[in-house]
Amino acid sequence: ITIILLALIITFSIKKKKLFPFIFLPAIFGGLVALAVIYLLQAKISIISLSIGTVILAITVDYALHITTHYKHRHNIITTIKDVSFPIIVCGFATAFEFLSLVFVSSESLHELGILAAISVITASFFTMVVMPHILDITRSEKDETEEKNYLERVLDRITGYDFHKKKLLLLFMVIFTVVTLFFVRKVGFESDMMKMNYLSPELAQAEENLNRINNYKLNSVYIISEGEDLQEALKNNEKLMAAGNRLLTENRISSFSSPGALLYSDSLQLSRIDRWNRFWSEERKRTFLSDFEKAASAAGFKPGSFTGFSNMITRKYSTIDSSSFGMLRDYFYSNNITSRPGFTAIASEIKVDNINKEPVENEISSISGITVMDRKSLLSGMVDTLGKDFNFIANVSLSLILVILIIAFGRIELGFITFVPILLSWIWTLGIMGLTGIKFNIFNIIISSFITGLGIDYSIYIMQGLV
């Protein structure tokens, strides 16, 4: 959809159709260079970074459109370069530094996204200034001198020709609106419940209700990790969990409990049970029991030796399970539940619990040493809470960086501050409207907000450069 809309805008903006494919060249070049750098650094890329690519495309296409439309009116490549080189390069650096502020958040995926976006923007801006002038010069024709404005340009000229800055009522409204939104800026919250962001159609919601009536799907799945420096220590901690889980199940406080501990025992537990077995089945008891058992079986009409397997089970000498058999059980039944690496082993178990008992059960199980309780909702909520805390920090850092870059670029403090005012006001208005309407930040619009600020930087610099 983004590419289609961009194509329509470019079609209306540029009458010379042979320039159309070249408009996307800076964006493509910037994206390819960024992907190459990411590949050299880590040889992989997250789906979050790829999904934001369309937003980066919209930013980098602006540079090519800016130089192309400027050349359309100037008809001189040297003059065009002089006019647009400053805003495009400054926009590239300011936007790149704004994206680089994402490296300060806790999420590694957002580190990657910040680097990818920054490299894309800065390389696209340099490509625009180095390559696009040659393309514009090569595609130049005599008809360009007499090319008339298209319909879109005429409409935009009417809008921009209106003296907004002379309308006192409009300025007064903006001042009042800014003051009002300032009171609601701090009321913006963060949506930590990721489950509330899922859309369910009425049909799908009804199907979910029908499913919940026939099984325990709606129950909360709580995952419990038994940790240890090695497998035996993790199994011992898991056995403490088994005792608590079975008790909770007996008390009907949880609906189900599944754990590798139902089949896999630590060596210490095996030895304890073997010792208990041996203390119960003394040699004297074995002889007496088996003698009485054989007599009773014979009296009941069974042939001698019919219960040899049972007798062998009583008389055999038990020992702990060997490592190969233990490994076979683990690989066949619990390969996804046990994770081991040097110095650390984790065993995952799962319980199903309703909303009423969820918190008390989690608190009780968390009190067991060597046990960590987690569920999908709390993991996602914790991640969003962390991003929320990081967001306040990176917003201040990015805005500060932008202000410094603007002051350095324009060479005067007052010009830097004036250029920064639209960016700051847009943030105040956005946060104020969100606080006023109850809209919360979430993991999605936190990411997008950085790119929206990047667009605002470009517009402010373009206007200021035109005024000075």
Side-chain angles (χ1 to χ4, degrees), residues 2 6 26-42 44-64 66 87-129 386-409 416 419-420 422-424 426-427 430-431 441-462:
T2 302
L6 283 174
I28 295 172
F29 178 77
L32 291 176
V33 171
L35 289 174
V37 173
I38 293 295
Y39 175 79
L40 292 175
L41 293 176
Q42 59 187 32
K44 61 180 180 180
I45 188 170
S46 68
I47 191 67
I48 295 178
S49 300
L50 289 177
S51 62
I52 301 298
T54 53
V55 184
I56 303 175
L57 177 67
I59 295 175
T60 50
V61 164
D62 278 354
Y63 300 148
H66 188 61
I88 289 180
I89 296 301
V90 174
C91 284
F93 274 104
T95 308
F97 275 100
E98 200 270 336
F99 289 144
L100 283 176
S101 63
L102 290 175
V103 301
F104 294 105
V105 302
S106 302
S107 172
E108 292 186 4
S109 297
L110 294 186
H111 296 175
E112 175 189 288
L113 176 60
I115 296 172
L116 179 74
I119 296 174
S120 297
V121 169
I122 198 67
T123 52
S125 64
F126 276 101
F127 185 92
T128 300
M129 293 311 306
T386 302
L387 285 177
K389 296 175 182 177
D390 291 340
F391 180 72
N392 294 323
F393 173 72
I394 64 173
N396 294 330
V397 170
S398 61
L399 291 176
S400 300
L401 284 173
I402 293 169
L403 177 59
V404 171
I405 292 173
L406 292 177
I407 293 174
I408 294 174
T419 309
F420 183 73
I423 303 171
L424 181 61
S426 66
W427 260 113
T430 301
L431 295 177
F441 273 114
N442 56 51
I443 189 172
F444 304 112
N445 55 28
I446 282 177
I447 298 173
I448 296 297
S449 62
S450 299
F451 295 90
I452 295 174
T453 306
L455 290 171
I457 296 169
D458 296 354
Y459 303 148
S460 297
I461 294 176
Y462 290 150

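Excluded from the calculations below are hydrogen atoms, water molecules and symmetry mates; all remaining heavy atoms, backbone and side chain alike, are included.
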Student: Measure the shortest side-chain to side-chain distance between Val121 and Tyr63 over non-hydrogen atoms and say whether it is less than 4.5 angstrom.
Tutor: yes
Student: Apply side chain to side chain contact (heavy atoms under 4.5 Å, CB included) to Phe126 and Ile88, showing your working.
Tutor: CA-CA 8 Å; Phe126 276 101; Ile88 289 180; over 6 Å; no
Student: How long is the span from the CD1 atom in Ile423 to the CG atom in Leu406, to the nearest 0.5 Å?
Tutor: 5.5 Å
Student: Would you give the length of the straight line joining atom OG1 of Thr128 to atom CZ of Phe29, rounded to the nearest 0.5 angstrom?
Tutor: 10.5 Å
Student: Thr430: what forms a side chain to side chain contact (heavy atoms under 4.5 Å, CB included) with it, not counting sequence neighbours?
Tutor: Met434
Student: Measure the spacing between CG of Leu32 and CD1 of Ile119 and express it to the nearest 0.5 Å.
Tutor: 12.5 Å
Student: Got a second to check how far Thr60's OG1 is from Ile122's CD1, nearest 0.5 Å?
Tutor: 12.5 Å
Student: Taking all atoms of both residues into account, what is the closest heavy-atom pair of Ala117 and Phe99, and its distance?
Tutor: CB-CD1, 3.5 Å
Student: Which pair of heavy atoms, one from Ser460 and one from Thr419, lies closest together, and at what distance?
Tutor: CB-O, 3.4 Å
Student: For Phe127, I'd like to know if atom CZ has over 12 heavy atoms of other residues, nucleotides or ligands within 6.0 Å.
Tutor: yes
Student: At what distance, to the nearest 0.5 angstrom, does SG of Cys91 lie from CG of Asp62?
Tutor: 9.0 Å
Student: Looking only at heavy atoms, which two atoms of Ile405 and Ala94 are closest? And how far apart?
Tutor: CD1-CA, 3.9 Å
Student: I need the minimum non-hydrogen distance between Pro26 and Ala64, along with the two atoms involved.
Tutor: CG-CB, 3.9 Å
Student: Kindly indicate whether the side chain of Ile402, heavy atoms from C-beta on, has any atom under 4.5 Å from the side chain of Phe97.
Tutor: no
Student: With sequence neighbours excluded, tell me which residues meet side chain to side chain contact (heavy atoms under 4.5 Å, CB included) with Leu424.
Tutor: Phe420, Ile428
Student: Verify, without hydrogens or angle tests, whether Thr95 (side chain) and Gly92 (backbone) share a donor-acceptor contact under 3.5 angstrom.
Tutor: no
